[in-house]
Amino acid sequence: MLIKTRQAFRDHDVTDPAIFQSRRVLLKAMGLAAAAPWTLAAATQTRQSIADANAVTPARLVEQYNNYYELAFDKESVAQLARHIAVEPWQIEIAGEVEKPGLYRLEDILRDHPRQERIYRLRCVEGWSAVIPWLGFPLADLLKRAQPLSAARFVKFTSAAQPEAMPKLRAGAMLDWPYVEGLRLDEALHPLTILASGMYGRDLPKQNGAPLRLVVPWKYGFKSIKAIVKIELTRRAPLTSWSRYAPSEYGFYANVNPAVAHPRWTQTSERVLGSDFFTPRRKTELFNGYADQVGQLYSQMDLNHFF
Ligand SMILES: Nc1nc2c(c(=O)[nH]1)N[C@H]1C(S)=C(S)[C@@H](COP(=O)(O)O)O[C@H]1N2
Ligand SMILES: [Mo]
């Protein structure tokens with residue numbers, strides 16, 4: 001299925017016997033397996049926990065646990081700090097290898113591209129994930145309007161730089177600001193790739209990338225750049241902020257892949273946001289579960305390398 005709708009997610013039965021099994025092993029180790037009621041409770045709870053891994057994450061968690069390095073390097077203070085970001089008026093520059101470069105007003109873009117709900121899993125390279133109902137439209141629709149020239153092969157995205165509102169920009173800390181990300185043109189044109197201006201049925205909170213952010217669900221979260229002010233079509237792969245900072249840790253492609261470890265930690269599993277101590281970690285899937293839709297894009301590529 002191309003797009004996981006809210007309904008499809010609820011109906012999806014994802015009980016995983018392997019995890020069910022490991023839970024019983026854990027209980028056995030705790031000396032509890034003999035007690036039938038406990039086992040039964042554990043089984044029920046396990047089903048519940050695994051089902052939760054596919055349930056939409058509560059909005060409050062997604063709004064209060066954020067990576068936004070312009071603001072802070074921890075996740076808990078981002079929501080408060082984000083209040084100072086100015087999001088009105090907002091313009092997006094479309095530049096580079098296009099027939100129709102120019103400054104586009106956000107309200108015009110949103111008027112011409114009605115929002116659809118897309119429920120995607122977001123998998124951060126740090127090893128956690130959340131299931132988020134975005135409101136957005138295919139990036140392809142906007143790019144096609146600007147009419148890419150035949151020389152265009154990549155897309156470079158740039159985030160807003162507002163030093164008054166962004167402490168880490170004032171400090172010149174960590175990354176080379178503004179935050180820059182990029183996609184190959186065919187990735188950018190893929191129907192799963194969206195520009196989101198909302199989530200959970202409302203406009204995007206500032207900490208989640210208002211007023212407009214990218215969402216590329218089969219790649220690690222750092223590709224999903226927030227507060228976009230510029231989209232440039234280029235001939236060469238742009239140098240992205242995280243690749244520049246640590247090329248061996250954050251590649252340009254950054255496709256979710258449980259078989260390729262980050263140099264400092266494994267990527268085989270992830271903590272589902274909202275999990276408690278007893279919730280098993282979720283097994284990370286190749287392309288974050290979207291292999292059927294996007295695997296074809298990488299048929300020529302050695303996936304055993306972290307790009
Ligand atoms: N401009 C900008 N965009 C960004 C980031 C950032 O620090 N700055 N962090 C990225 C990372 S690492 C992740 S995991 C996601 C987090 O999105 P969320 O806070 O909406 O969950 O945003 C991505 N987009
Ligand atoms: Mo991330």
Side-chain angles (χ1 to χ4, degrees), residues 56-82 85-87 90 92 118-136 156-163 165-169 171 173-183 193-200 202-231 238 240-246 249-251 254-256 262 264-265 267 270-274 284 288 306:
V56 168
T57 305
R60 125 191 93 77
L61 298 178
V62 176
E63 290 168 3
Q64 284 167 31
Y65 187 85
N66 304 100
N67 275 330
Y68 207 151
Y69 273 56
E70 290 90 329
L71 302 174
F73 301 152
D74 71 292
K75 303 182 204 319
E76 289 74 18
S77 59
V78 168
Q80 280 298 310
L81 290 166
I85 299 175
V87 297
W90 197 271
I92 294 178
R118 299 278 184 99
I119 304 181
Y120 290 157
R121 190 184 315 279
L122 178 79
R123 168 61 157 84
C124 177
V125 71
E126 298 162 342
W128 54 268
S129 69
V131 177
I132 305 174
W134 301 105
L135 293 174
K156 175 184 176 182
F157 304 87
T158 308
S159 287
Q162 298 180 8
M166 299 174 164
K168 300 302 180 189
L169 261 72
M174 186 116 176
L175 299 180
D176 212 41
W177 309 109
Y179 193 100
V180 167
E181 258 308 333
L183 295 173
T193 304
I194 60 167
L195 288 172
S197 65
M199 63 181 206
Y200 295 91
R202 304 183 295 272
D203 284 343
L204 269 187
K206 291 179 180 179
Q207 62 269 31
N208 295 98
L212 196 72
R213 67 158 320 153
L214 186 68
V215 184
V216 196
W218 70 94
K219 292 176 179 287
Y220 290 118
F222 64 86
K223 301 295 291 183
S224 292
I225 182 174
K226 297 176 174 181
I228 297 169
V229 294
K230 186 173 179 183
I231 300 175
T240 60
S241 297
W242 283 105
S243 298
R244 173 187 288 232
Y245 174 73
E249 302 195 8
Y250 311 104
N255 292 315
V256 175
H262 181 278
R264 292 183 281 133
W265 58 82
Q267 295 290 17
E270 64 211 42
R271 182 176 63 87
V272 176
L273 228 67
T284 293
N288 204 22
F306 189 75

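Both counts, for ligands and for their atoms, begin at 1 and track the order of listing.
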Query raised in the report: Between K226 and N208, do the side chains contain an N or O donor and an N or O acceptor separated by less than 3.5 Å?
Result: no

Query raised in the report: Would you say W134 and ligand 1 have an N/O pair spaced under 3.5 Å apart?
Result: no

Report task. Given side-chain contact (heavy atoms from CB on, under 4.5 Å), test L169 with Q162 step by step and report yes or no. Result -> CA-CA 8 Å; L169 261 72; Q162 298 180 8; 6.0 Å; no

Query raised in the report: Is there a donor-acceptor pair under 3.5 Å between the side chain of S224 and the backbone N or O of V216?
Result: yes

Requested in this report: Pick one of side chain, backbone, both or neither for how L122 approaches ligand 1, counting any non-hydrogen atom pair under 4.0 Å.
Outcome: side chain

Query raised in the report: Measuring from the heavy atoms of S224, does anything fall under 4.0 Å of ligand 1?
Result: yes

Report task. Please indicate whether any nitrogen or oxygen in Y65 is less than 3.5 Å from any nitrogen or oxygen in ligand 1. Result -> no

Query raised in the report: For ligand 1, is there an N or O atom under 3.5 Å from any N or O atom of R213?
Result: yes

Requested in this report: Give a yes/no verdict on a cation-pi contact between K168 and F73, requiring under 6.0 Å between NZ or CZ and the six-membered ring centre and an angle within 45° of the axis.
Outcome: yes

Query raised in the report: Quick one: nearest non-hydrogen protein atom to atom 7 (O) of ligand 1, plus distance?
Result: Y69 N, 2.7 Å

Report summary line: For F222, the ligand 1 atoms with a heavy-atom partner under 4.0 Å come out as 10 (C), 11 (C), 12 (S)

**Report entry** Ligand-residue contact atoms, ligand 1 with N66, heavy atoms, under 4.0 Å
**Finding:** 18 (P), 19 (O)

Requested in this report: Just need the protein heavy atom nearest to atom 9 (N) of ligand 1, so name the residue and atom and give the distance.
Outcome: N67 O, 3.2 Å

Query raised in the report: Which one of W177, Y245, F222 satisfies the side-chain contact (heavy atoms from CB on, under 4.5 Å) criterion with Y69?
Result: W177

**Report entry** N/O donor-acceptor pair under 3.5 Å between E181 side chain and F157 backbone
**Finding:** no

Query raised in the report: Looking only at heavy atoms, what is the nearest atom pair of V180 and S241, with distance?
Result: N-OG, 2.7 Å

Report summary line: If you compare M174, Q64, M199, K226 by their heavy atoms, the one closest to atom 16 (C) of ligand 1 turns out to be K226

Requested in this report: Report the residues that fulfil salt bridge (charged side-chain N to carboxylate O under 4.0 Å, His left out) with K206, sequence neighbours left out, ordered by chain and then residue number.
Outcome: none

Query raised in the report: Would you say the side-chain atoms of N66 and K75 include a donor-acceptor pair closer than 3.5 Å?
Result: no

Query raised in the report: For atom 23 (C) of ligand 1, which candidate among S241, A130, G221, A82 provides the closest heavy atom?
Result: G221

Report summary line: Counting from 1 in the order shown, the ligand 1 atoms closer than 4.0 Å to a non-hydrogen atom of I225 are 3 (N), 24 (N)

Report task. List for me each residue that meets ring pair (Phe, Tyr, Trp, His ring centres under 6.0 Å) alongside W128, sequence neighbours excluded, and say none if there are none. Result -> Y65

Query raised in the report: What part of Y179, side chain, backbone, both or neither, has a heavy atom within less than 4.0 angstrom of ligand 1?
Result: side chain

**Report entry** S159 neighbourhood, listing ligand 1 atoms whose heavy-atom distance to it stays under 4.0 Å
**Finding:** 1 (N)

Query raised in the report: What are the atoms of ligand 1, with element, lying closer than 4.0 Å to any heavy atom of C124?
Result: 14 (S)

Query raised in the report: Should you measure from each heavy atom of E70, which atoms of ligand 1 turn up under 4.0 Å away?
Result: 1 (N), 2 (C), 6 (C), 7 (O), 8 (N)

